[in-house]
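Comments concern the structure below.
Along the sequence shown, residues carry numbers from 1.
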Amino acid sequence: MKVIQEIKQLILNEVDIKQYISAMKSYNRDYRFSDSSRVYEKGLKDEEKINKLYDRLSDDDKISAGEWFKDNGNYDDGSQHSKGVKSWDIEKDGVDGFSGTYYRT
């Protein structure tokens, strides 16, 4: 089964969900608020990379990525965005509003 998955990824130019999750774990979403241009530029590049990885996930992996983000990648800061992510029903709403690093509520 693993060989079939690897061939499918090569043919469809898909990436593994593990690559996406690994990139998200090291992603600093607070880069936007940094006074350092170096931190800002790195964060912007990381965000672009993650969004490109997300775009190359299979449809099933995009749902898994949304579930991972909802459980692990969202700040629970009481903001409208975090409340929207908490109430996000992935099974019902799908992942159309999710970019890979941000869920549009």
Side-chain angles (χ1 to χ4, degrees):
M1 185 68 176
K2 184 177 179 181
V3 173
I4 294 171
Q5 182 66 21
E6 289 174 4
I7 292 170
K8 180 181 171 192
Q9 287 173 345
L10 287 172
I11 292 171
L12 299 176
N13 196 27
E14 292 178 347
V15 297
D16 189 342
I17 185 73
K18 293 175 189 172
Q19 290 173 281
Y20 167 82
I21 291 173
S22 176
M24 279 298 289
K25 285 181 178 179
S26 64
Y27 172 58
N28 175 11
R29 98 167 65 175
D30 291 331
Y31 77 89
R32 291 184 183 105
F33 307 109
S34 177
D35 293 332
S36 168
S37 62
R38 188 176 71 233
V39 170
Y40 182 85
E41 291 297 323
K42 181 184 181 325
L44 190 60
K45 285 181 183 177
D46 288 349
E47 184 174 293
E48 289 171 357
K49 174 186 168 189
I50 291 168
N51 289 339
K52 286 179 183 177
L53 284 172
Y54 176 79
D55 287 343
R56 292 177 50 205
L57 291 173
S58 69
D59 290 342
D60 289 341
D61 282 348
K62 284 183 180 180
I63 290 173
S64 297
E67 290 170 348
W68 184 91
F69 179 81
K70 183 177 178 182
D71 294 340
N72 303 285
N74 180 46
Y75 292 139
D76 188 8
D77 59 5
S79 69
Q80 191 66 26
H81 179 258
S82 68
K83 289 177 186 175
V85 172
K86 284 176 98 171
S87 65
W88 179 20
D89 184 346
I90 296 167
E91 293 295 319
K92 184 179 125 211
D93 301 330
V95 292
D96 287 342
F98 183 55
S99 69
T101 55
Y102 185 77
Y103 176 66
R104 292 180 277 295
T105 57

_Using the ring centroid of each side chain, check whether Y103 and F69 are separated by less than 6.0 Å._
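So the answer is no for these two rings.
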*Are the side chain of K70 and the backbone of W88 linked by a donor-acceptor contact shorter than 3.5 Å?*
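Yes; at least one donor-acceptor contact below 3.5 Å.
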[X] [atom1] to [Y] [atom2] distance, which is reported to the nearest 0.5 Å:
| X | Y | atom1 | atom2 | answer |
| --- | --- | --- | --- | --- |
| I50 | S99 | CD1 | OG | 9.5 Å |
| K42 | D46 | NZ | CG | 3.5 Å |
| K49 | K45 | NZ | NZ | 12.0 Å |
| Q19 | M24 | CD | CE | 15.0 Å |
| L53 | K18 | CG | NZ | 15.0 Å |
| E67 | D61 | CD | CG | 10.5 Å |

*When the ring planes of Y20 and Y54 are compared, do they come out parallel, tilted or perpendicular, using 30° and 60° as the limits?*
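Rings of Y20 and Y54: tilted, as their planes differ by 30° to 60°.
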*Working for side chain to side chain contact (heavy atoms under 4.5 Å, CB included), residues I63 and F98*: CA-CA 10 Å; I63 290 173; F98 183 55; over 6 Å; no
